[in-house]
Each structure stands twice: as structure tokens, then as C-alpha cells.
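To start, the structure itself, in C-alpha cells.
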Amino acid sequence: MFKKATKAQAKARLLFSGASGSGKTTAALTVAAQLGKRIAFIDTEAGSASLYADRFNFDVLEMGPPYAPERFIEAIEAAESAGYEVIVIDSITHEWSGPGGCLDIKTKMGDRFQDWAKVTPRHDRFIQAMMRSKAHIIATVRAKQGYSMDEKGKVQKSGMDPQQRDGIDFEFTVCWNINAQHMAEAQKDRTRLFDGKPEVITAETGERLAKWLSAGEVAAPVAEPEPVDTK
């Protein structure tokens, strides 16, 4: 039943979180360039990816609303079928809170608690499409200032909150938060390469990741998930 655990080769599952202008897109493309030569870029940020075309080599799909989970899944599957080695999604915030995204879908259903029973499987299927992809996945997510209340009832700042469903960081191998000075701090790091070491994302960051991901035994194929009824 049990066998000795060994590290297997893996595909990147990376998340960059930050406010507008923090450098999420640049960081994502910088790392992507070290993970593969063929990069597919899913751009939900009004065509902003093309501003970086003079610095990085990638193909882009500009996606406008509605941002239904199924459209992201379709884009991921199309990139896989076309043989892209790396898929960048900038940003996954729109799948959750953009026009036609999960929160909008629930609102249009009547915004009742029981409507989550129909919306959540659609969101989960999008997450699984990223996690089971044969390509490296690098996603960005918008972040906003978070607030909390201390024991005296005083409201205080409590870091930056990703604009996605709670717990989104659980799904990724490394999750960075990038501040206004472009310093990236790994809030979660299963590789143990970056935890507690704030730094600017460079090509060397991608090189270290590529080395870690390629080390170990060849991973076994991942079983296809059961279809999800979205009716």
C-alpha cells in the first residue's frame, strides 16, 4: 500500500498578486521566458500585454467580457492543443469579479446563497483546468488594501487581499505578493526557494524555478476529471 515518497518533476503553478502598477505582468513574463520558448498569454487587461511585446516573445489572446469560467477553460485548452509550453493568465480576478464572472453570474441568478451550488462547480472546474494543465501555468491576480479590527476596535491595515475567491493561494506552488517598489515576497512557497526572501523577480528567479521543477522522477499522467454539470 505505502511506498517511499520521491520528488517528481512538475509543472509550474505560480501566482503573482499585487496592486495596479506593481509589476505583476512583467514578473510573470520574466519567469515564463525561463520556463519555455512558446508562451501563450491570456490577456483580460484591455490589451495591456502587448505593451511588453518589445521585451518578451509571446502570443496573446485578448479576452473581453463576459469572463465566464468556461471561457478561461476554453482558452487554456486551446493553448495546450497548440503546444504552448507556458500559459500566462493576466488576470484571474476577472473570472471571479469581472463582468460575467462568478459573482456576476450569482447575482443574475438571484444572488441567493443556494445559487453557490451552481456557481461553485463552474469556478472549481476553472481551477482544475489550471492545476491539471500539461503546460506551466502563471497567473496574476489584482490585490487591494485589506483591513482588520484590532482588540480595541480600531480599524488598521492588514496587507493586500487578492481579488479572487478566498483560499485561491492554496492551489498554487508559489504565491508572491508584489509591492509598489516591485519587491516580491513569497507568501506561500512549496519549493522553499523564496520563502521569506523579498526580491525583485528576475530571469534568475525563473532559472531557479526551472531547475527545481525539472528535478526528480518523471511524473505519472494525471487522470482526467469527471465532467461537471453546469445546468
Side-chain angles (χ1 to χ4, degrees), residues 7-17 24-25 27-45 49 56-63 67-96 98 101-102 120-141 162 164-165 167-176 186 188-191 193 201 205-206 208-228 230:
K7 183 187 179 301
Q9 297 176 11
K11 295 296 183 181
R13 301 291 182 257
L14 311 175
L15 182 67
F16 290 100
S17 174
K24 300 186 298 296
T25 304
L29 284 168
T30 297
V31 172
Q34 304 306 313
L35 298 181
K37 294 183 178 180
R38 298 197 63 207
I39 302 170
F41 195 107
I42 302 170
D43 179 8
T44 68
E45 299 285 356
F56 303 96
N57 182 26
F58 61 94
D59 295 334
V60 64
L61 168 65
E62 295 183 1
M63 182 189 294
Y67 297 108
E70 292 76 19
R71 295 193 63 212
F72 287 83
I73 296 170
E74 181 181 359
I76 292 169
E77 292 176 346
E80 290 178 351
S81 297
Y84 287 99
E85 299 167 274
V86 189
I87 302 173
V88 179
I89 310 173
D90 186 23
S91 73
I92 62 172
T93 290
H94 293 83
E95 182 272 342
W96 183 247
C102 290
T120 294
R122 296 173 66 176
H123 173 72
D124 289 346
R125 195 174 172 202
F126 161 63
I127 297 298
Q128 288 304 309
M130 291 193 291
M131 297 305 108
R132 294 176 178 272
S133 175
K134 298 175 183 178
H136 297 292
I137 297 290
I138 304 176
T140 74
V141 62
Q164 243 287 345
R165 190 166 197 170
I168 187 65
D169 56 334
F170 179 80
E171 308 293 344
F172 292 85
T173 307
V174 187
C175 302
W176 282 278
K188 170 194 171 182
D189 180 17
R190 288 176 176 161
T191 72
L193 296 173
I201 300 296
T205 308
R208 291 161 66 191
L209 270 169
K211 183 178 180 180
W212 185 87
L213 291 165
S214 62
E217 300 180 355
V218 177
V222 178
E224 291 297 320
E226 294 294 325
V228 177
T230 61

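Index from 1, following the sequence.
- Looking at heavy atoms from C-beta onward, Trp212 lies in side-chain contact with Thr173 at the 4.5 angstrom threshold.
- A tilted orientation is assigned to the rings of Phe58 and Phe41, their planes being inclined by 30° to 60°.
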| request: Test side chain to side chain contact (heavy atoms under 4.5 Å, CB included) on Thr25 and Asp43 and set out the steps. | output: CA-CA 10 Å; Thr25 304; Asp43 179 8; over 6 Å; no
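- Under the 4.5 Å side-chain criterion, counting only non-hydrogen atoms from C-beta, Phe16 is in contact with Ile201.
- Counting only heavy atoms from C-beta outward, the side chains of Leu15 and Val141 approach each other to under 4.5 Å.
- Annotation: cation-pi pair Arg13/Phe170 absent, no NZ/CZ under 6.0 Å from the ring centroid and within 45° of its normal.
- Atom CD1 of residue Ile76 and atom NZ of residue Lys134 lie 14.0 Å apart, to the nearest 0.5 angstrom.
- Minimum heavy-atom separation, Asp189 to Leu193: OD2-N, 3.0 Å.
- With values rounded to the nearest 0.5 angstrom, Ser214 atom OG is found 10.5 Å from Leu209 atom CG.
- The shortest heavy-atom contact between Val86 and Ala135 is N-CB, 4.4 Å.
- The structure places CG of Leu35 at 9.0 Å from NZ of Lys11, a figure rounded to the nearest 0.5 Å.
- Under the 4.0 Å criterion applied to side-chain N and carboxylate O atoms, Arg122 and Glu70 are assigned as salt-bridge partners.
- Residues Ala12 and Leu213 share a closest heavy-atom pair of CB-CD1, 3.6 Å.
- Between Trp176 and Leu14, the closest side-chain pair of non-hydrogen atoms falls below 4.5 Å.
- Side-chain contact between Glu95 and Cys102 is present, with at least one heavy-atom pair separated by less than 4.5 Å.
- For the residue pair Gln34 and Ala210, the shortest heavy atom distance occurs at O-CB, 3.9 Å.
- Nearest heavy atom pair, residue Ile39 against residue Tyr84, reads C-CD2, 3.6 Å.
- Across all non-hydrogen atoms, the minimal contact from Glu171 to Lys188 is N-NZ, 4.0 Å.
- Annotation: Asp124, atom CG; neighbour count of heavy atoms from other residues, nucleotides and ligands within 6.0 Å is above 12.
- Remark: Gln128 CD to His123 NE2 distance equals 10.0 Å, nearest 0.5 Å.
- Contact of the Ile127 side chain with the Ile168 side chain is registered, since non-hydrogen atoms from C-beta on lie closer than 4.5 Å.
- For CD of Glu74, the number of neighbouring non-hydrogen atoms (other residues, nucleotides, ligands) closer than 6.0 Å is 12 at most.
- Not counting sequence neighbours, the partners of Arg208 by the salt bridge (charged side-chain N to carboxylate O under 4.0 Å, His left out) test are Glu199, Glu204.
- A donor-acceptor distance shorter than 3.5 angstrom exists from the side chain of Thr44 to the backbone of Asp90, with no hydrogens or angles considered.
- Annotation: the span from Ile42 atom CD1 to Thr140 atom OG1 amounts to 11.0 Å, rounded to 0.5 Å.
- Between Ser133 and Glu80 the shortest side-chain heavy-atom distance falls below 4.5 Å.
- Taking the side chain as every heavy atom from C-beta outward, Phe72 and Met130 never approach each other to under 4.5 Å.
- By the 6.0 Å contact criterion, NZ on Lys7 is enclosed, its count of non-hydrogen atoms from other residues, nucleotides or ligands being greater than 12.
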